[in-house]
Amino acid sequence: MYNILEGLNPSQKEAVEIINGPLLVLAGAGTGKTKVITHRIANLIKNWIAPDSILGLTFTNRAAREMKERIKLILGSDCASKLFLGTFHAFCMKILRAEVEKTPLHRNFTIADDQDQKGILKLAIAELKLKEDDTDINLFLSYIGKAKQELKFPEQCKANQGYMWAIASRIYEKYQEILIAQNMLDFDDILMYTVDLWQKNPEILSKYQEKYKYILIDEFQDTNYAQFKLIELLAEKYKNLCVVGDDDQSIYGWRGAVVENILKFPNRYQNCRVVKLEQNYRSTNNILEAANVFISGNKQRHSKKLWSENGVGAKIKTISLQTDKSEAFYIANQIRKVQYEYPEIRFRDIAILYRSNHQSRLFEEQFRMNKIPYRIVGSNSFYDRKEVRDAVAYLKLLSNPSDDQSLLRILGVPSRNLGLKFLESARTFDKNSALLKTFNNISFLDTLSPKQKTPLSAFTSSINKYTAFFAESGDLPGKTRAYFEEIGYLNCFQKIYKNIDEAEDRRENVIEFINAMGQFEENKVPEEATLTNFLESFSLSDDSDKVEGEEEKNSVTLLTVHSAKGLEFPCVFLVGMEQNLFPHSRALEERDTDEERRLFYVAITRAKKLLYMTNAGSRMKYGSQSYQMPSEFLAELPENVIEDLSANKAPVEESSINDAFKNFYKQFGINNK
DNA sequence: ACCGGATCCCTTTTT
DNA sequence: GGGATCCGGT
Ligand SMILES: Nc1ncnc2c1ncn2[C@@H]1O[C@H](COP(=O)(O)OP(=O)(O)OP(=O)(O)O)[C@@H](O)[C@H]1O
């Protein structure tokens with residue numbers, strides 16, 4: 001049998017061998033915290049603890065997936081599949097589905113995405129006859145989110161002081177009413193409802209306390225109040241709670257994360273064991289020295305010294321490029337060069353890290369042209385496409401007939417001669433009924449002209465037919481394709497988009513989406529291949545069960561710094577190192593770049609051996625050119641660990657030079673045609 | 001009611 | 001660069 005304790009240092013061993021009681025592992029990047037969690041799980045199982053009584057929670061899907069893979073390596077996939085490993089949200093959804101009678105929702109409830117949220121919030125504002133203009137929508141959503149993260153229901157928010165809360169709590173109340181009427185919940189509800197369920201039903205809580213006797217949580221510095229409370233309740237009885245994290249890597253403050261959760265963990269659990277790890281096994285000392293600059297000044301932290309036996313290593317390379325295009329071009333070239341120089345570095349050992357998702361686009365284009373295989377983590381660009389969102393809405397409606405939001409989305413795609421006036425009449429026909437129910441009401445149909453009655457009947461009969469089909473599990477792609485064809489969606493694109501290529505593109509995206517359902521189904525037992533399950537994993541972006549092919553595995557990874565947390569790559573390109581991008585303009589405006597600095601620390605510490613940082617002098621922003629200054633962080637890098645390659649003329653793509661000149665001329669009003 | 005065009009937002013970061 | 005939204009013509 002695999003020796004679980006082999007290859008661990010004494011502190012790691014200590015943590016792994018503790019079986020019962022609260023345990024905190026507080027340590028810097030790359031010191032093997034995640035390794036402690038995975039090996040500790042293995043050790044629990046070796047000590048005859050049932051795998052299904054172990055709960056491993058992570059923050060991001062990517063981290064859950066990574067952990068699953070590591071555990072598979074130690075325990076084998078049979079054993080690994082028995083324990084629950086996933087995000088807080090995935091775990092809570094499992095509970096809410098199981099205990100649905102005790103929640104405000106009905107079976108097959110669906111998760112509201114951000115567009116649903118906005119739509120419902122608009123409805124709430126309209127129903128209250130408030131005249132808040134659209135720009136306030138995001139503000140109110142953030143109020144509501146904040147309340148939910150603190151586990152406050154609308155009732156409790158009414159007690160909040162201030163003019164804004166007076167309005168916000170009324171909107172919150174209405175918003176919640178509509179969500180529930182549509183049998184939906186938003187992301188924050190997932191946590192709030194679970195805590196509420198447990199608090200109101202001690203017998204249910206007790207059931208789960210008995211089930212999950214051993215709890216392990218990675219990246220604990222990122223938990224918010226609701227998550228802390230959730231775990232506190234679950235662990236109350238046995239207190240076998242192991243949390244692991246690094247206060248210097250706290251980068252989710254904007255989402256309500258409370259660092260004190262980890263810092264004060266020993267105060268909350270009196271007999272808590274604390275283990276610190278100081279040896280970094282990941283990076284070279286050059287990389288660590290650079291990283292340290294950005295956290296040593298942080299207030300409110302446990303100071304941790306990191307050291308590594310990995311030698312000084314290569315210098316960090318910084319390169320300034322002219323444009324965002326030449327940045328992507330340079331990196332595509334550099335990847336080839338790196339592979340030439342270091343044959344052991346495969347595509348999968350390389351990552352492109354950026355501050356925000358939209359930066360991936362140019363790299364995708366460039367990599368496609370250069371035949372560099374890549375995969376993007378966590379970007380919604382595909383799933384955010386209108387045609388894909390519409391496809392999802394078509395399906396959500398089958399799973400949850402009360403989902404008016406989805407109905408509204410797709411009723412006019414393709415156009416069915418059923419517009420605003422028609423909707424108004426359906427709404428007034430029965431204010432308290434879901435739209436789809438009204439559509440099926442014979443006496444409502446009788447109020448319509450034949451020109452509307454015919455398309456509406458065709459629409460509802462397809463919906464009803466496929467609702468019945470999907471009630472059985474299995475063959476999701478086949479049924480979906482037939483559904484989309486019959487209801488006129490799959491072949492409506494030629495009609496909607498004049499440009500034939502665009503129409504074909506969009507149609508193909510829908511086909512690709514249908515294929516993704518096939519992939520979802522592939523590694524599921526037939527009973528689990530239900531539409532509801534698919535939609536749920538889609539909403540949670542939970543692709544942790546997806547099996548990747550070799551080609552896919554051996555790809556360059558494109559991802560944000562946030563989603564790279566917890567991961568490591570031998571070669572990292574940190575791109576877009578420009579003022580207002582990283583650090584982000586919002587942080588600069590608020591004169592609070594602490595979290596950006598920690599984010600930068602996280603970015604640097606992803607690299608094992610090679611680290612490149614690039615910045616561009618100009619970049620397309622909102623469709624127009626913007627001139628960019630190098631990031632203030634670059635100036636802080638210790639000189640002895642960096643090497644500036646900018647002077648060595650990097651190969652610059654022809655068209656980028658032309659672009660740069662054109663913009664130069666444009667700037668001075670010279671017409672260079 | 002539909003279509004096309006103009007206009008106006010946006011853009012952190014994730015579940 | 002792209003989506004949602006509004007407006008005016010058909
Ligand atoms: N005792 C050890 N001996 C050799 N390698 C180790 C040891 N402990 C950890 N490592 C390696 O160090 C690397 C970093 O480990 P791990 O990802 O667990 O760190 P971490 O503390 O979770 O990092 P982060 O804070 O960045 O998430 C991994 O490649 C791991 O295999």
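In this text the structure is predicted, and so the values were computed from the model without any measurement. We name chains A, B, ... by the order of the sequence lines, and we start the count at 1 in each one.
A heavy-atom distance below 4.0 Å to DNA chain B is reached by these residues of residues 59-69 of chain A, ordered by number: A:Phe59, A:Thr60, A:Asn61.
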What nitrogen or oxygen pairs link the protein and nucleotides 2-4 of chain B at under 3.5 Å?
residue	atom	partner	partner atom	Å
B:dC2	OP1	A:Asn417	N	2.7

Are any protein N/O atoms closer than 3.5 Å to N/O atoms in nucleotides 1-3 of chain C? If there are, list each pair with its distance.
residue	atom	partner	partner atom	Å
C:dG1	O6	A:Tyr622	O	2.6

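Residues A:Gln625 and A:Ser618 come closest through the heavy atom pair NE2-OG, 2.8 Å.
Note on residues 530-541 of chain A: pairs passing salt bridge (charged side-chain N to carboxylate O under 4.0 Å, His left out), not counting sequence neighbours, are A:Arg97-A:Glu536.
Along DNA chain B, the nucleotide nearest to A:Glu596 and the one nearest to A:Gln452 differ in position, and the one closer to the 5' end is contacted by A:Gln452.
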ask   = Yes or no on side-chain contact (heavy atoms from CB on, under 4.5 Å) for A:Gln249 and A:Leu599, after CA distance, side-chain angles and deciding distance?
value = CA-CA 7 Å; A:Gln249 293 185 64; A:Leu599 193 59; over 6 Å; no
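At B:dT12, one or more side-chain N or O atoms of A:Arg586 fall inside 4.0 Å of OP1 or OP2 (strictly under the cut-off). For the pair A:Ser585 and B:dT12, the criterion of a side-chain N or O lying under 4.0 Å from OP1 or OP2 is not met.
If you measure from atom CG of A:Asp189 to atom P of B:dT15, you get 18 Å, rounded to the nearest angstrom.
In this structure, the salt bridge (Lys or Arg N to Asp or Glu O under 4.0 Å) partners of A:Asp116, at least two apart in sequence or on a different chain, are A:Lys396. Here A:Ser626 pairs with A:Gln628 under the side chain to side chain donor-acceptor pair (under 3.5 Å) rule; sequence neighbours left out.
Under the 4.5 Å side-chain criterion, counting only non-hydrogen atoms from C-beta, A:Leu121 is in contact with A:Ile144.
A donor-acceptor contact shorter than 3.5 Å is absent between the side chain of A:Asn108 and the backbone of A:Asn400.
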